[in-house]
Structure formats: C-alpha cells, structure tokens
Amino acid sequence: MSVPSTATEIAAAVSSGSVSASDVVESHLAAIDARESEIHAFNTVTADQARATAADIDARVAAGESVGPLAGVPVALKDNMCTNGIATTCSSKILEGWEPPYDATVVERLREAGAVIVGKTNLDEFAMGSSTENSAFGPSRNPLDTSKVPGGSSGGSAAAVAAGFAPLSIGSDTGGSIRQPAALCGVVGMKPTYGAVSRYGLIAFASSLDQIGPFAKNVTDAATMFEVIAGHDPRDSTSIPEPAADVHTKLNAGVEGLRVGVITELMGEGQLQGFEPEVIAQTRAAADALAAAGATVGEVSVPSVIYGLSAYYQIAPAEASSNLARYDGVRYGHRAPGGANTAAMMKASRTAGFGAEVKRRIMLGTYALSAGYYDAFYGKAQRVRTLIIDELAAAYQNFDVLLSPTSPCVAFPIGAVSDPLTMYLNDTCTIPSNLAGHPAISVPFGTGAGDLPVGVQILAPLQGEAVMFQAAAALEAAAPGGQS
Ligand code: GLN
C-alpha cells in the first residue's frame, strides 16, 4: 500500500498496520530531500529522531498497542516552540545555537498522540512579519510558485504542508501568522480561542495575543490536531481550565439554518483599501456557497475593525519590548565579544543579534509605553481593543459565525514589499480575532491573480471552535475544485 497523504488516512493506516510509520517517514523525508533546497521551509530537519520515533511506533503497533490519533503522522514545528535538546532559534541570530532543556506542552501532546516530529520550520524573526522574509536565515518560498512569499510569520510551517513535507504543522498566531500564510499557500490554518492551547514552551512575542494552532491539508485534519493540542495545562496561567472542545461531532452537520455575517468593513468598499478584486469576488462566492448549502447569510458592520491594525501595532510591540528584554547576551544564545562592562556587552549583543524589524518593534513598543506617551498610544490602543470586543459581541447576537477574506491579497513576489507599513496591511482581516481572543480559521477557496490560492476566513466567538469548524467543513466542501 502506498503512503496516504492526509493525517487522518495516515493515522488509520499506521494504526491498522497496513502502512508502517517508517515508510510514512521515509516518503516524507524523500519529499523534503527533493524540494527543500528550493523552498527552505525548515531551519532544522530532525531526520534521525524522526526515524527512531517511527521505529518505536511500529514496534508498539506490532505489540498490539493503540498509539494515538496521530499515529505515525509527520509534523513540522514552527521554530519558536521549545524542543528538548533540539535548536530553537525563532529564526534569530540572538538564539542561534540555543537548545531548550524541555519540550513545549504542544510538543509533548503531539508525541503522546503518536506524531513524528520531522523538524523546525522557518519564520519571520520572533514571529514579526507577514512574509517570512524577516528570517535571519533567509526567506522561505511558496511551494506553489517559488518566486512568491509563503506569507508569515509561520511561512515555513505553511510551506511544509503545501509542499507535502508533512501533512500537519504547528504555527503561532499573534496577528494572523497562521491564517495569512495558510491562505497564501492554499492550506487550512486555524487560530484557537486565547487560552485554548497551552503556550508553555512557546517563545513569547505578545503575551495577550499569542496562540498556537494547526496547519493542515484539510479541515478534518486541522480539527484532529486542534483536539490533540488543546485542553488545560497548569503550566500556562492563561490556559482555560477545561478539557479540549469536541469539534468532530458536528463537523459534518452542514450549515442548514446557521447564521453567517459578512463583515462589511473587510470587503474592500469602505475606508480600508488595498483588497484585490479577485479576493473579494472569491469571498462573496464563499458566502453564496454557504447560502446555497442552507445558511442564512447577511452583512454585518463592525466599525472599529478599521482601527484594529493601528491598535495592534501599539499593543504587540509594547508587549514584545518587554518580552524580548530577556535576550541580553547572558542567559541565551548569542553574546557579542568585547564590551568594557555589562551594559556595553548587552548593547553589543542585542545590536548584533536582532534584525531590523525586531529592533523597530522594540523601539516602537518602548516609545508607546514611555511615561509621557503611555495614555496617548498604549492606552488608546487598549480602548480600541475594547470597542472591537464589544462590537463583535453585538454582531454575534445576530450571527453564529462571521466571514471575511483572510488576506487582502494573494502571495506576492519575494522582495516586492520593502516598506514596513505596507507589509503590516496584510494583517487587516486577521488582527480583530487576536485582539478579541476569538478563534478563526482560513479555508482555501478558489484562486485569484496569477492563479494563486485565496483563503476565506471564518470567525467565531470565544470558545466557538465547534461551530467554526462546522462552517469551515461546509465551505471546504463547496470550494471550487472540491478540496479534499
Ligand atoms: N504579521 C503580524 C506581525 O508582524 C502578525 C505576526 C504574528 O501573528 N506572529 O506582527
């Protein structure tokens, strides 16, 4: 039997003994060998460990043990998740060579579920960016067109799934870093409710926004991975004290009677500009497809989302400036030589260790938090955040889920966007869910300019993962070309 391509099929085949985990891992390592030099999805490929894990799984299957819902499934991890004894760099020179002494909770849970870790994927340095061009180790490329970016910041994880290097990968999403690269690479990407997935062992960027979530080839696989990684973890004080939500039971229930609201401000007709017409057309087609499947579709205004970007680019850098203070040349990774005293050593280490975008965020955040400007910048941004939360709550009085494009554009050429503000515009549609702590998912739906994939986003209220996956499965079934 040949190696199947989705996580669900692989886990079933490995568990039943019809395909060995070793064959599964070899076929994925061969795919990596064939195209990784062109794509650069990975910072590290853990081939030896992956082979050893697969052999262990095969032995357990042979002994009649049940291995878990991800038995033998290759998984790639964004390189900001701590892995015991395996370099964890955040694609930054300042962490180069650092090997964590422990596994992140998500890594533990994936291993317990039978997953086979195949490597650590490239990202924008410290997850700051929307194209993976900010990596200190060079950009990743979009497997569908290698002259284009894969999106970011989890570009390596999205590219790994799109290239067939692994059927599942893990990303982190602070302002859209799972959903936007998923959209640009034509795969499914999901950000859970804040607190649904433990962040123990995730290297912090902006702690009030960061969440970990899955990339997959299809909605069912993403749902399986979500259930594996979600659920309470006492080691993360922001973890919701409840078990993982069941998102499978209603997955194929359809959308008959479901109320779907299209967010007016994110459809390119108001103040927010820069939406590609093909992206808007596919989003409208997605809404029509859900209506044809029995949903009640309407428009809903969430006026303050137009200020979401401005609020996010105060709050996220403010939190980052504090979180990144720990990289001082003493405790982790890189230390610059010389320096007459401790302060000079720290300054030299941080100057050499951080890239331009990270330095920009640290300066922006420090400024927003400084005594004279705190209320005008950080305080005002927090008030916008509250407005968005209140307006979304009002929208969910009338709708079960909301709909928008995931990204205003399809994948753009590497090197095409050099101005940081233009790059930030990629996050317009994804940021509101981070500011509110709500779950959201990007589902491939047709293509736009250059025949490149378009992602449509489904947003749901706090802990609304079950209805969000239900709508996502219906959208996937209705997508042009029929997604698997
Ligand atoms: N593109 C956004 C940023 O640069 C989001 C990043 C993320 O979600 N990690 O901050």
Side-chain angles (χ1 to χ4, degrees), residues 77-81 90-92 121-135 139-140 149-158 169-185 189-192 194 197 199 202-215 274 308-324 354-365 368 381 385 406-409 411-412 417-442 455 457:
L77 303 170
K78 188 175 184 178
D79 202 13
N80 61 354
M81 314 281 157
C90 278
S91 288
S92 179
T121 61
N122 196 16
L123 62 148
D124 286 299
E125 184 177 2
F126 282 100
M128 298 173 186
S130 308
S131 68
T132 317
E133 293 168 294
N134 293 337
S135 167
S140 297
V149 302
S153 66
S154 317
S157 287
S169 64
I170 285 279
S172 63
D173 190 313
T174 305
S177 281
I178 295 173
R179 292 159 286 158
Q180 183 259 9
L184 271 50
C185 288
M190 182 247 169
K191 181 199 93 75
Y194 185 78
V197 175
R199 303 178 304 174
L202 165 69
I203 296 178
F205 163 11
S207 305
S208 78
L209 301 158
D210 298 339
Q211 258 298 286
I212 295 173
F215 286 94
L309 203 71
S310 312
Y312 171 88
Y313 278 97
Q314 298 292 331
I315 294 167
E319 295 182 15
S321 70
S322 167
N323 275 326
L324 271 57
F354 289 134
E357 183 61 25
V358 175
K359 287 177 183 153
R360 181 178 298 118
R361 304 280 180 113
I362 292 171
M363 287 187 278
L364 265 173
R385 187 174 192 172
T406 304
S407 158
C409 59
F412 45 91
V417 182
S418 53
D419 151 49
L421 284 179
T422 309
M423 188 64 85
Y424 299 167
L425 293 174
N426 282 286
D427 311 325
T428 303
C429 303
T430 46
I431 277 173
S433 305
N434 299 87
L435 290 174
H438 294 175
I441 189 167
S442 180
Q457 179 177 229

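As the structure lists them, so they are numbered: ligands from 1, and atoms in each ligand from 1. Basis for what follows: all heavy atoms, side chains included, without hydrogens, waters or symmetry-related copies.
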Any N or O of Gly152 closer than 3.5 Å to N or O of ligand 1: no
Min N/O separation Lys78 to ligand 1 under 3.5 Å: no
Ser130 neighbourhood, listing ligand 1 atoms whose heavy-atom distance to it stays under 4.0 Å: 1 (N)
Glu319-Ser208 side chain donor-acceptor pair, cut-off 3.5 Å: yes
Donor on one side chain, acceptor on other, Lys78 and Ser157, under 3.5 Å: no
Residue Gly175 vicinity, atoms of ligand 1 by number, heavy atom under 4.0 Å: 5 (C), 7 (C), 8 (O)
Min side-chain heavy-atom separation Ser442-Gln180 under 4.5 Å: no
Contact partition for Asp427 relative to ligand 1, non-hydrogen atoms under 4.0 Å: side chain
Atom 10 (O) of ligand 1: the protein heavy-atom neighbour that sits closest, reported with distance to 0.1 Å: Tyr312 OH, 2.6 Å
Ligand 1 N/O within reach of Gly176 N/O, cut-off under 3.5 Å: yes
Distance-only side-chain donor-acceptor flag, Ser154 / Asp173, under 3.5 Å: no
Proximity to ligand 1 by part of Ser177, non-hydrogen separation under 4.0 Å: both
Distance-only donor-acceptor check, side chains Asn122 and Thr132, under 3.5 Å: no
Side chain Asn434, main chain Thr174, donor-acceptor under 3.5 Å: yes
Close side-chain approach of Ile203 to Phe126, heavy-atom, < 4.5 Å: yes
Nearest protein heavy atom with distance in Å, relative to atom 3 (C) of ligand 1: Tyr313 OH, 3.2 Å
Plane angle bin for Tyr312 and Phe205 - parallel if under 30°, tilted between 30 and 60°, otherwise perpendicular: perpendicular
Taking every non-hydrogen atom, the tightest pair across Tyr194 and Arg199: OH-NH2, 3.1 Å
Closest heavy-atom pair and its distance - Leu435, Ala311: CD1-CB, 4.4 Å
Which segment of Phe205 sits under 4.0 Å of ligand 1 when only heavy atoms are counted: side chain
Ala316 touching ligand 1 at heavy-atom level, < 4.0 angstrom: no
Geometric N/O contact Thr174 with ligand 1, under 3.5 angstrom: yes
Within-cut-off N or O pair, Asp173 and ligand 1, under 3.5 Å: no
Sidechain-backbone polar pair: Asp124 side chain, Ala127 backbone, donor-acceptor under 3.5 Å: no
Interfacing atoms of ligand 1 (cut-off 4.0 Å, heavy-atom, Met128): 4 (O)
Proximity of Phe126 to ligand 1 by residue part, where a heavy atom lies under 4.0 Å: neither
Contacting atoms of ligand 1, where contact means under 4.0 angstrom from a heavy atom of Ala127: 6 (C), 7 (C), 9 (N)
Any Gln180 heavy atom less than 4.0 Å to ligand 1: no
